[in-house]
Participant: 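Got a structure for you, written out below as structure tokens; questions coming shortly.
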Amino acid sequence: MNRIKEVLKNKGISQTWLAEQMEKSYTTINEYSRNKRQPSLEDLYKIAEILKIDIKELIISNKENI
């Protein structure tokens, strides 16, 4: 699972803009944002680079805080 939608919202960036930067279709970015399709690790790195964030901010941890 990823947090792309949340990060985009927090930064005030549209999915359309990200799609243009990634050279991907809006549909692809929208599917990533809705967790209907998961981006490759390479695409996650590219998204993090474009948004100027650590890749960890895009991923939901599979472990609960202890």
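The structure presented is a predicted model; accordingly, all values stated were derived computationally and were not measured. Every heavy atom of this structure was used, including side-chain atoms; hydrogens, water molecules and symmetry mates were not.
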Participant: Check side-chain hydrogen bond (donor to acceptor under 3.5 Å, both in side chains) between T27 and all other residues, then give those that pass, not counting sequence neighbours.
Facilitator: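 Residues passing side-chain hydrogen bond (donor to acceptor under 3.5 Å, both in side chains) with T27: none at all.
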Participant: Between I53 and K11, is the side chain to side chain contact (heavy atoms under 4.5 Å, CB included) condition met? List the steps.
Facilitator: CA-CA 11 Å; I53 60 171; K11 288 188 160 280; 3.4 Å; yes
Participant: Please list, one pair per line, the donor and acceptor atoms closer than 3.5 Å that link side chains of residues 35-43 to other protein atoms, with sequence neighbours excluded.
Facilitator:
unit_1, atom_1, unit_2, atom_2, d
N35, OD1, N2, N, 3.0
N35, OD1, N2, ND2, 3.1
N35, OD1, Q38, NE2, 2.7
N35, ND2, N2, O, 3.3
R37, NH1, E31, OE1, 3.3
Q38, OE1, N2, ND2, 3.1
S40, OG, D43, N, 3.0
D43, OD2, K24, NZ, 3.3
D43, OD2, Y32, OH, 3.0

Participant: Between I4 and S33, which heavy-atom pair has the shortest distance, and what is it?
Facilitator: CG2-OG, 3.7 Å
Participant: How many angstroms lie between atom CG of L18 and atom CG of L51, to the nearest 0.5 angstrom?
Facilitator: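 The CG atom of L18 sits 6.0 Å away from the CG atom of L51.
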Participant: Would you say M22 and I47 make side-chain contact, with heavy atoms under 4.5 Å?
Facilitator: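 Touching, per the 4.5 Å side-chain cut-off.
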Participant: Minimum heavy-atom separation for Q15 and L8, please, with both atom names.
Facilitator: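 What the structure gives for the nearest pair is CG-CD1, 3.8 Å.
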Participant: Should I50 and Y26 be regarded as members of a common hydrophobic cluster, given that ILVMFWY residues are connected when their side-chain heavy atoms come within less than 4.5 Å of each other, either directly or indirectly?
Facilitator: no
Participant: Any chance NZ of K5 has more than 12 other-residue heavy atoms, nucleotides or ligands included, within less than 6.0 Å?
Facilitator: no
Participant: Does this structure show an ion pair linking R3 with E6, if we count only N-O contacts that are shorter than 4.0 Å?
Facilitator: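 Salt bridge flag = yes for E6 with R3.
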